[in-house]
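Everything below concerns the one structure shown next.
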Amino acid sequence: MMSEVIVVTSGKGGVGKTTTTANLGTGLAAAGHKAVLVDADIGLRNLDVVLGLENRIVYDITNVTDKQIPYRKAIIKDKRYENLFLLPAAQTKDKTAVSPDQMKELCDDLRQEFEYVIIDCPAGIEQGFKNAIAGADRAIVVTTPEVSAVRDADRIIGLLEANELRDPKLIVNRLRYNMVKAGDMMSIDDILDILAVELLGVVPEDEMVVITTNRGETVVQDDKSRSGQAYRNIVRRMNGEQVPLMDLQEGGILKKLRKFMGMK
Amino acid sequence: MLEFISRIFGKDSSPSKNVAKERLRLVLVHDRTDISPQLMQALKTDLIQVISNYMEIDEAALEVSLDSSENQIALVANIPVKGMKRSGKVAPTGA
Ligand SMILES: Nc1ncnc2c1ncn2[C@@H]1O[C@H](COP(=O)(O)OP(=O)(O)OP(=O)(O)O)[C@@H](O)[C@H]1O
Ligand SMILES: [Mg+2]
């Protein structure tokens with residue numbers, strides 16, 4: 001079976017790694033792929049609540065890496081998709097509870113069963129980062145169009161390359177089209193100019209991300225939302241399809257018209 | 001158009017994203033000077049090989065470093081020359 005271990009990383013915190021992991025995982029599962037999402041943010045478990053699976057956790061990743069149980073006992077099946085699973089992080093331990101070697105072994109076990117193993121990396125460049133990338137074949141770097149986030153992305157890209165993870169793909173998250181148009185936010189071209197990596201996708205700033213996350217759902221399942229469309233496009237690109245960047249203008253003509261007529 | 005008007009009325013001279021991009025460019029010039037010792041060593045080895053085609057150098061005393069100032073970065077090499085090769089001809093590489 002063709003299987004890929006992909007780490008989602010960023011350097012800077014809070015730019016959307018967990019959101020990206022949850023949405024890509026759900027999108028891949030919806031497209032018929034068997035996927036497992038690994039929360040490598042040990043001590044700050046998040047992926048479970050983003051997926052709405054927090055009440056089902058019994059075991060965590062450290063029980064598996066410590067060889068107390070096989071991974072099959074620790075993974076949790078998603079509420080909606082039969083072929084989507086979560087391996088939760090430990091909440092009461094710290095990053096040193098897992099070693100890069102253990103992580104590598106875990107990834108190699110998981111790749112026997114799953115088409116996609118997606119690892120949600122913690123922020124920073126310390127032990128947690130090193131663990132998260134240890135077993136990965138490829139990396140997705142998430143950034144936002146801000147100086148600090150792009151700077152950290154640059155550093156992460158350098159560190160990934162130093163660790164033999166070449167050609168990471170970039171996702172620019174929380175882009176605000178109107179600000180870009182007004183010259184008050186760096187554009188995709190500006191960011192690519194500086195980072196010189198391949199673009200995997202652009203996700204607009206969208207309140208639907210917050211609303212769906214509140215409910216423990218992922219926006220990729222929401223047919224109407226723009227960010228959901230952006231994530232679905234990324235999933236298709238991950239499967240080798242050529243999908244053009246979507247029109248980032250906020251709202252189509254219809255929406256603008258409705259707004260104009262005060263219908264919102 | 002709106003942007004044009006707001007610029008005319010003196011809000012800002014340069015769009016803030018230009019400022020962001022320029023600041024980013026400069027900060028990365030400095031960040032990226034942080035190259036690994038292995039890469040530096042590889043550069044040294046290559047330098048020695050190339051220069052040895054033209055002159056005799058003191059390999060042990062060779063120093064290479066990256067020097068960064070406010071807005072540019074320079075590769076600084078200090079290569080003590082022990083002697084020149086007699087022939088003015090370039091030695092064929094790889095011979
Ligand atoms: N495109 C978006 N539009 C609006 N809000 C977003 C978007 N992407 C992420 N967010 C919000 O930003 C916040 C941070 O996202 P997330 O937790 O995914 O970041 P992270 O990189 O995993 O953070 P950490 O470094 O702490 O692990 C969340 O509240 C999320 O809902
Ligand atoms: Mg996170």
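Lettering of chains follows the sequences in order, A, B, ..., and the numbering in each one begins at 1. Remember, predicted model here, so these are calculated numbers, not experimental data.
The environment of A/Asp193 atom CG is dense: over 12 non-hydrogen atoms of other residues, nucleotides or ligands sit within 6.0 angstrom. More than 12 heavy atoms of other residues, nucleotides or ligands lie within 6.0 Å of CZ in B/Arg32, so this atom counts as buried by the packing criterion.
Of all heavy-atom pairs spanning A/Met186 and B/Lys17, the tightest one is N-CB, 3.8 Å. Taking both residues in full, the closest heavy atoms of A/Gly183 and B/Pro15 are given as O-CB, 3.2 Å, listed atom of the first, atom of the second, then distance.
With B/Lys21 as the partner, the side-chain contact (heavy atoms from CB on, under 4.5 Å) test is satisfied by one option alone out of A/Val147, A/Val150, A/Ile194, A/Ile191: A/Ile194.
Only the side chain of A/Asp154 comes within less than 4.5 Å of a heavy atom of chain B; its backbone N, CA, C and O stay farther away. Looking at A/Met185, the atoms closer than 4.5 Å to chain B (heavy atoms on both sides) all sit in the backbone: N, CA, C or O.
Taking CZ of A/Arg151 as the reference point, atom CG of B/Leu24 lies at 9.0 Å (rounded to 0.5 Å). B/Asn18 contributes atom CG, which lies 9.5 Å from atom CG of A/Asp184 (distance to the nearest 0.5 angstrom).
Among residues two or more places apart in sequence or in another chain, the ring pair (Phe, Tyr, Trp, His ring centres under 6.0 Å) test is passed with A/Tyr116 by A/His33.
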